[in-house]
Amino acid sequence: QRRRKTANELDGISDKPSDVLVVHYSCESFYDREDGRTPRVTSIAVRNYESGQTESYSIHKIAEQKGIEFTSIPEKYDELEKEMLSEFFSFMRQNQGLCWVHWNMRDINYGFAALEHRCRVLQGEPFVLPEGKKFDLARALVALYGVSYTGHPRLATLIEKNHIAHRDFLTGKEESDAFESQDYIKLHQSTLRKVHILANILGRAADGTLKTNAKWHERYGWHPNVLIELFREHWISGAISVVVVIGGLLRLFGVL
């Protein structure tokens with residue numbers, strides 16, 4: 001049932017691709033934070049699934065608009081991050097009726113809640129997107145293919161298995177290292193690349209061409225109810241299979 005529900009949601013996304021946005025963001029490392037402060041957000045990208053048109057928000061872009069030297073960015077982090085988040089949430093408010101596809105953006109460590117919290121910490125006013133408008137692609141793939149559909153980290157291994165171009169892609173560790181070295185452009189390029197990759201994976205999952213390690217039983221399970229559900233969904237092929245099996249059994253016992 002969970003698989004069927006997810007498949008139906010993907011069908012809905014495919015039916016109205018212009019109403020779908022793919023979002024991703026980069027931030028400081030959220031591990032080993034001794035001061036307890038939530039990680040700063042450095043860049044956000046939002047891609048229209050149909051057109052590929054991408055809106056991006058980043059600390060270094062705001063700094064450039066304000067005429068602030070990149071070497072001076074650390075001194076003005078709060079001001080720049082607040083303005084970047086305000087621009088992003090303004091865009092979200094204007095597009096709140098669309099479907100926002102994301103990858104594991106689920107909690108205060110990394111997710112919509114983390115973006116909202118950072119905005120509040122900086123005395124800004126975030127827009128809270130309704131849960132019904134969020135679609136977690138990472139969870140959807142587990143529902144479709146089972147927990148062992150690829151290795152860990154799942155996004156990186158899925159990219160490799162499907163031969164998806166990953167130029168500028170940075171892992172979480174590489175992104176945190178780039179932040180520490182103040183390589184903001186590199187961070188921004190990685191965020192842009194990731195929304196492109198997520199849109200690619202979304203399309204392959206929707207049309208059934210995504211390559212995974214999932215075996216049949218991992219996708220559907222062994223419970224008898226699975227056979228019933230599959231028969232309902234594919235009754236013609238199911239009926240033919242039943243006839244073939246019965247015919248084979250009758251021949252085996254010499255009835256035919």
Side-chain angles (χ1 to χ4, degrees), residues 20-48 53-136 138 170 172-195 198:
V20 178
L21 298 174
V22 182
V23 60
H24 197 74
Y25 76 92
S26 61
C27 62
E28 285 182 282
S29 172
F30 36 82
Y31 298 110
D32 303 322
R33 306 194 63 76
E34 297 179 359
D35 59 3
R37 178 177 55 81
T38 49
R40 291 186 182 279
V41 179
T42 56
S43 61
I44 310 170
V46 185
R47 180 186 178 95
N48 183 280
Q53 184 68 34
T54 304
E55 301 291 334
S56 63
Y57 310 88
S58 67
I59 285 178
H60 83 272
K61 282 177 61 178
I62 300 295
E64 186 176 20
Q65 291 168 10
K66 290 180 171 294
I68 298 172
E69 295 292 332
F70 280 14
T71 54
S72 300
I73 286 179
E75 303 167 17
K76 298 182 177 293
Y77 269 143
D78 285 356
E79 173 190 343
L80 299 174
E81 185 184 3
K82 179 182 179 181
E83 187 159 341
M84 175 191 66
L85 289 171
S86 295
E87 288 187 0
F88 167 70
F89 281 118
S90 176
F91 177 84
M92 177 181 280
R93 183 178 289 106
Q94 294 168 13
N95 294 277
Q96 60 183 284
L98 304 187
C99 173
W100 290 66
V101 176
H102 61 95
W103 185 271
N104 278 336
M105 287 176 54
R106 294 197 297 262
D107 55 39
I108 193 66
N109 282 328
Y110 182 85
F112 292 96
L115 296 175
E116 294 159 13
H117 178 72
R118 284 303 303 167
C119 190
R120 292 190 186 101
V121 166
L122 299 168
Q123 307 305 308
E125 296 184 7
F127 175 78
V128 180
L129 186 70
E131 283 299 314
K133 294 300 180 181
K134 302 171 187 175
F135 182 82
D136 188 346
L170 299 179
K173 176 63 167 60
E174 290 170 337
E175 285 188 349
S176 63
D177 289 344
F179 180 88
E180 291 300 325
S181 62
Q182 299 179 25
D183 199 340
Y184 307 111
I185 295 176
K186 194 173 182 179
L187 274 170
H188 189 219
Q189 292 299 324
S190 175
T191 309
L192 290 171
R193 172 56 59 179
K194 285 181 178 178
V195 292
L198 293 180

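Residues take their numbers from the sequence shown, with the count starting at 1. Every heavy atom of this structure was used, including side-chain atoms; hydrogens, water molecules and symmetry mates were not.
With hydrogens and angles disregarded, no donor-acceptor distance shorter than 3.5 Å links the side chain of K194 to the backbone of W103. Not a single donor-acceptor pair under 3.5 Å links the side chain of W100 to the backbone N or O of V46.
E125 CD to S90 OG: the interatomic distance, rounded to the nearest 0.5 Å, is 12.0 Å. Here the straight-line distance linking atom OG of S43 with atom CZ of F179 works out to 10.5 Å at 0.5 Å rounding. Between atom CD of residue E175 and atom OG of residue S29 there is a gap of 10.5 Å, rounded to the nearest 0.5 Å. In this structure, the separation between CD on E79 and CD on E83 is 7.0 Å, given to the nearest 0.5 Å. For the atom pair CG (L21) and CZ (F135), the distance works out to 14.0 Å, reported to the nearest 0.5 Å. Atoms CE and CZ, on M84 and R118 in that order, are 9.0 Å from each other to the nearest 0.5 Å.
Exactly one of H24, E55, H102 qualifies for a side-chain contact (heavy atoms from CB on, under 4.5 Å) with V195. That residue is H24. Screening L129, V23, I44 for a side-chain contact (heavy atoms from CB on, under 4.5 Å) with M92, the sole residue that qualifies is L129. Of the candidates D177, I59, T42, L187 forms a side-chain contact (heavy atoms from CB on, under 4.5 Å) with just one, namely T42.
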Step by step, work out the ring pair (Phe, Tyr, Trp, His ring centres under 6.0 Å) result for Y110 and Y25.
CA-CA 9 Å; Y110 182 85; Y25 76 92; 4.2 Å; yes
List the steps, then state whether side-chain contact (heavy atoms from CB on, under 4.5 Å) holds for V41 with Y57.
CA-CA 10 Å; V41 179; Y57 310 88; over 6 Å; no
Between K66 and L80, does a side-chain contact (heavy atoms from CB on, under 4.5 Å) hold up when you go through it step by step?
CA-CA 9 Å; K66 290 180 171 294; L80 299 174; 4.1 Å; yes
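Of all the heavy atoms in H60 and H188, the pair that sits closest is CE1-ND1, 3.4 Å. Here the closest heavy-atom approach between residue R93 and residue Q96 is recorded as O-NE2, 3.0 Å. Closest heavy-atom contact between P39 and N109: CG-O, 4.3 Å. Nearest heavy-atom pair, M105 versus F112, reported as atom, atom and distance to 0.1 Å: O-CD1, 3.4 Å. Of all non-hydrogen atoms in S26 and T191, the two that sit nearest each other are OG-OG1, 3.2 Å. Between D136 and A138 the shortest heavy-atom distance is OD1-N, 3.0 Å.
With respect to E131 and K134, a salt bridge is recorded, a charged nitrogen being found less than 4.0 Å from a carboxylate O.
Contact annotation: the side chain of R120 approaches that of E116 to within less than 4.5 Å [non-hydrogen atoms, C-beta and beyond]. Counting heavy atoms from C-beta outward, L198 and V101 have side chains that stay 4.5 Å or more apart.
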